[in-house]
Amino acid sequence: MATPLEIIKKKRAQAIHRIIEKGYLTTRVYVGMATCEIAAGSQEVMAVFEKAVRDGQIKNVYLSQKGCAGRCNLEPMVEIIEEGKIPVKYQKVSPDKARDIIDRHLINGKVIEEWVIQ
Amino acid sequence: MKENNEKYVITLCYGPTCLSRGAVQIREALDNEIARRGLSERVRIALSGCLGLSDQGPILIVNPGFSVFGNVSANDIPELVEEHILNDRPLARLAIQADHLFNRFYRIFGDVNFFGKQMRITLRNCGIIDPESLDDYLSLRGYEALAKVLTSMSRQDVIDEVKKSGLRGRGGAGFPTGIKWDFAAKEQNDVKYVICNADEGDPGAFMDRSAIEGDPHTILEGMAIGGYAIGAVKGFIYIRAEYPLAIDRLEKAIADAKKEGFLGKNILGSDFSFDIEIRLGAGAFVCGEETALMHSIEGQRGIPTPKPPFPAVEGVFKKPTIINNVETWANIPVVILDGGEWFSSIGTETSKGTKVFALAGNVRNTGLVEVPMGTTLREIVYDIGGGIPNNKKFKSVQTGGPSGGCLPEQYLDTQIDYESLARAGSIMGSGGMIVVDENTCMVDMAKYFLEFTQDESCGKCTPCREGIGRMHEILLRITKGEGKLEDIEKLKYIGRLIKSAALCGLGQSAPNPVLSTLQYFEHEYIEHIVHKRCPAGVCSALTGAPCQSACPLGTEAWRYIAHVERGEYEKAYIALREPNPLPSVCARVCNHPCERSCRAGRGDGEAISIRNLKRFVTDRVDPSVFKPEKSILDEEEIKKVAVVGAGPAGLSAAHYLSLKGYKVTIFDAEEKPGGLLLKGIPSYRLPRDVLNRDIEFLMNENITFKGKTFFGTDITVKSLFDTGFNAVFIAIGSHQSLRLKIDGEDFEGVYPSMYFLRGHNLENKNLAKGNVGVIGGGNSAIDAARIAIRQEGVESVKIFYRRTRNEMPAIDEEIEAALEEGVKLETLISPERIVSENGRLKQVEFIRNILGESDKSGRRRPLPVIGSDHLVEIDTLIVAISEEPDKSAIAQDGLELTDWGTVKIDADTLATSIPGVFAGGDVVTGPNTVVDAIAAGKNAALTIERYLCGRDLRQTPQVNLPEIYIPQAIVDEEEETVEFHRPETPSVEVELRRKSFMEVEKSLSVENAEREARRCLRCDLEFTQKKI
């Protein structure tokens, strides 16, 4: 019989496989969704991204939530990890800013420097 | 060998250091290698910002698997690709700590300023994974520690590993986790429990919530391992109902884990079964105490019971129980996977691993941070927290919430571990860390925490229930100005009593905030009690409007601001002139303590530009609109007072005494009155016509001025009394520059700053030539530098200061203006020796400094760097390190001096050791501000009047609260919604002013002044507005 370690290794391989299937290797967009982020308005921001994905405005994007990274005064945070590029973390994102990020960054490939956490 | 078909992402660090070490070449090599081997379908290259590992750069990370490689060169790439990608054998020789879970955060956290000094073990997945996805957790070696335990470790092995790690309870008390587990494991009982204490109640603390919300499975895994170790079958997570999202995520995590067989019966096919249940708390602080918490789980009232029996013996439902905090549990999987030995390599002698803190209060980067034990408070506050916003001064850091203590600046170098914090008078606590700046009242803060513990006391034991209440009453009294000096001893006594007699941790630690503030900030309590003042301008009953309370003259800044808003400039002038005989002077050179205290500027807000508004008013109104009331005395009541020194202190004393009807003679060594204002302050800051106008209007027929009269030679205390004066006020200032006490100070070309300033201001001498060096960091250093750069024949001006710019005592705007004008500033440097050629200065030998630990004042001491001495070519050296009073003037019979060579006085009455002789201003304090000198003169007038009338010199302190009601101006709605910012001080362009002595600053425009006045929060209205 398989040992627990063997079982877990198999489960991990399966999990990684599922994550990659979901598009992990494409552009990843993370929206912070802890209580603090939500209080700062991240649900509205998430909704903007979800709608953009639903409407087909952005394609090949792996959209996910994540917990709090600890940067309370800069929340809500949106992080974009793209192939071949330096990961970008946007601070204090509002729904309006989120729409701009979709337009300018995700569609037209231009990082909006003034909102990036340096 | 089986062929490896996995897909990979290689992340290459493109931070500055890695780039300088060849990251670009590595990228090319990677591209080539991947193309050559036809791997472009399987390998993707990503670039990242600095990953915080620069010292081992260039850094390269291969995912999945999170293998981190350091010191990589382009030549390593073929081997790396072949081994890792083709053979699935990560290249061991370049791997850095590749096995350790915590490394993962480098994967994406480029935000090095914030994360660089952190080490994320507990929070290793927080902010990285989707907390609601078990797959995400699994992909990061989730539940591998549990599997490892079940596969290859006995129960005792697990406990030994935890013991070896040195992990201590993160809930605050710091009991060794392994030992606790050992106790419970040794108990013979069929039923045992583990509990996760997630009842987080400290104000300002949110570590547990974030940890659960960001990575719930880690807690479950840790608890399952704990359950295995002690032989428990069930675990409880006790969490407050006010954390709904954390509860949701825990519930989902438990359900997912059960489905996949990580919880429940026969976990991962083993014979170990374990289940976890969530129990909600109603949010009582006392339920964070373990015995109370367990009662609450049992369904009883949450009140503590005495220990022993300890929970490990008889815990929840009377069964052996281990209870650990969220953070402790989150460490367990790391201890198991990375090993106790590795874990114990982090931290200090007695405290291992890392600690999470919820950093809050007056720091730039508030948030959740995790640092290795042994990190200093200074590193957290300044390096990670980014320091105090708004140029405010650090006052204290509070750790451990309502159970902890407040540590002052001189403890900033304390290393964080259980013992060091306890020695300093605080506690680690569960991780709340509140930083406060100068605008926080420590008495008020202690009161706040006591209010909290009083509310949260369960009431079971008398010391806690009654004692905290009494302490709170006393604090309340003190903050209202009704305190008595014996209250301090009473607080200490009751505090000690509660500490030793209360039943549980809540009560025993509740007095800590009071006791620690009494230890380090007793002077603030005394200020409240004796002088009826709240120095931080917080306690409302003692402060009124903070601007007024912070002004040494008690100027009602709110009042003239209100008039400016209404366009009533004359009324504004009267309001600002009444308390201050030198208003146009202060409008230009005051260091404006009112603005530091302004409520609009607290935290990271923008203080009202009060000095600029004063300038606006004084520029627009003729001084004659203010007609001071003058008393007329009977012939026999008229007394003669001698004021020695015609600086701001002397002038103000003479003015107010003259208004009382006394005959005042002002003596001064110079030809004209003004003192340091005339001799020291350059005319581009204070034009002489402005100064003269203020002086002209404060003079009257009761005042006579006698210039060119030297104190100590032409006149003495004795000769003044002999010639019929009834009282003497000494206010000769501090006009003697201190010497550096190094070789060569007397060569030609080296000038004491006062000599240089006086030469320029009074004698029109151009002493500065060529390359000018200025030693010092105070206002006279800046003045000297800014004068020098304007003088003909000067090529460059550089200020050398021994500490850093943050510690420079000069007014910040002045430093800024000097830099703008081209003055250079070199910090952390001290002169060692002056080298001459033909008796004239040629070079100065300097040595570099680093900042060491804080001295008693809280400032960090400069320490010389051995071997860093070097010569600098300098043609003129101005020594502006500090000033002291002229010794020859004040060395007079019977006049007692301090060790610092200043005149010794009674701080309340300004009385010197000779009856009838008073002193104030810089001659008492050493170099100080203009407004303090004016205040000293004003106080002298009051106390001298009392002396002349034969009354007791001491006055009962009074609280001055706003009294006059001034309605707010009516603003149309449209404008009201616009948000305005503090205007910049208008000034003459640098090119124009650099070579001239024209006044640099200009007046605000009417529009800007009214807008700025409108921004005022009008703290006065709380006291003056009629209650409707």
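In what follows, chains are A, B, ... by sequence order, proteins preceding strands, each numbered from 1. Note: hydrogens, waters and symmetry copies are ignored here, and every other heavy atom, side chains too, is used. It should be emphasised that the depicted structure is a prediction, and the values quoted were computed from it without experimental measurement.
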Report summary line: Distance col, row B/T366:OG1 vs A/R71:CZ, nearest 0.5 angstrom, shows 9.0 Å
Query raised in the report: What's the spacing between A/R18 CZ and B/S133 OG if we round to 0.5 Å?
Result: 8.5 Å
**Report entry** A/K97, NZ: over 12 other non-hydrogen atoms inside 6.0 angstrom
**Finding:** yes
Report task. Could you tell me whether a side-chain N or O of A/N73 sits under 3.5 Å from a main-chain N or O of B/R364, the two making a donor and an acceptor? Result -> yes
Acceptor/donor pairs from residues 31-49 of chain A side chains to any protein atom, 3.5 angstrom cut, sequence neighbours excluded:
unit_1, atom_1, unit_2, atom_2, d
A/T35, OG1, B/E213, OE1, 3.2
A/T35, OG1, B/E213, OE2, 2.3
A/E37, OE1, A/M77, N, 3.0
A/S42, OG, A/G32, O, 2.9
A/S42, OG, A/E37, O, 3.3
A/S42, OG, A/I38, N, 3.4

Query raised in the report: Short question: side chain of A/S64, backbone of B/D130 - any donor-acceptor pair under 3.5 Å?
Result: no
Requested in this report: Give a yes or no on this: more than 12 heavy atoms of other residues, nucleotides or ligands lie within 6.0 Å of atom CD of B/E41.
Outcome: no
**Report entry** Check: A/K66 side chain, B/I128 main-chain N or O, donor-acceptor pair, under 3.5 Å
**Finding:** no
Query - Shortest non-hydrogen separation from A/A69 to B/R120 and the atoms involved - result: O-NH2, 3.1 Å
Requested in this report: Please report the C-alpha distance between A/I8 and B/L138 in whole Å, then the side-chain angles of each, then the deciding distance to 0.1 Å, and finally whether the side chain to side chain contact (heavy atoms under 4.5 Å, CB included) criterion is met.
Outcome: CA-CA 8 Å; A/I8 199 77; B/L138 283 174; 4.0 Å; yes
Report task. Answer whether the closest heavy-atom distance between the side chains of B/L268 and A/L5 falls below 4.5 Å. Result -> no
Query - Heavy-atom proximity to chain A below 4.5 Å, by part of B/Y243 - result: neither
Query raised in the report: B/D136 versus chain A, heavy atoms under 4.5 Å apart: side chain, backbone, both or neither?
Result: both
**Report entry** Option from A/R12, A/K10, A/K9, A/K11 for which salt bridge (Lys or Arg N to Asp or Glu O under 4.0 Å) with B/E144 holds
**Finding:** A/R12
Report task. Measure B/Y137 against the heavy atoms of chain A and call it side chain, backbone, both or neither at under 4.5 Å. Result -> neither
Query raised in the report: Pick from A/G67, A/P4, A/A2: which one has the most heavy-atom pairs with chain B under 4.5 Å?
Result: A/P4
Query raised in the report: Taking atom CG of B/D604 as the centre, does the number of heavy atoms from other residues, nucleotides or ligands within less than 6.0 Å exceed 12?
Result: no
Report task. Give the member of B/E370, B/E260, B/M207 that has the highest number of heavy-atom pairs under 4.5 Å with chain A. Result -> B/E260
**Report entry** Student check: side-chain heavy atoms of B/F206 and A/C72 closer than 4.5 Å
**Finding:** yes
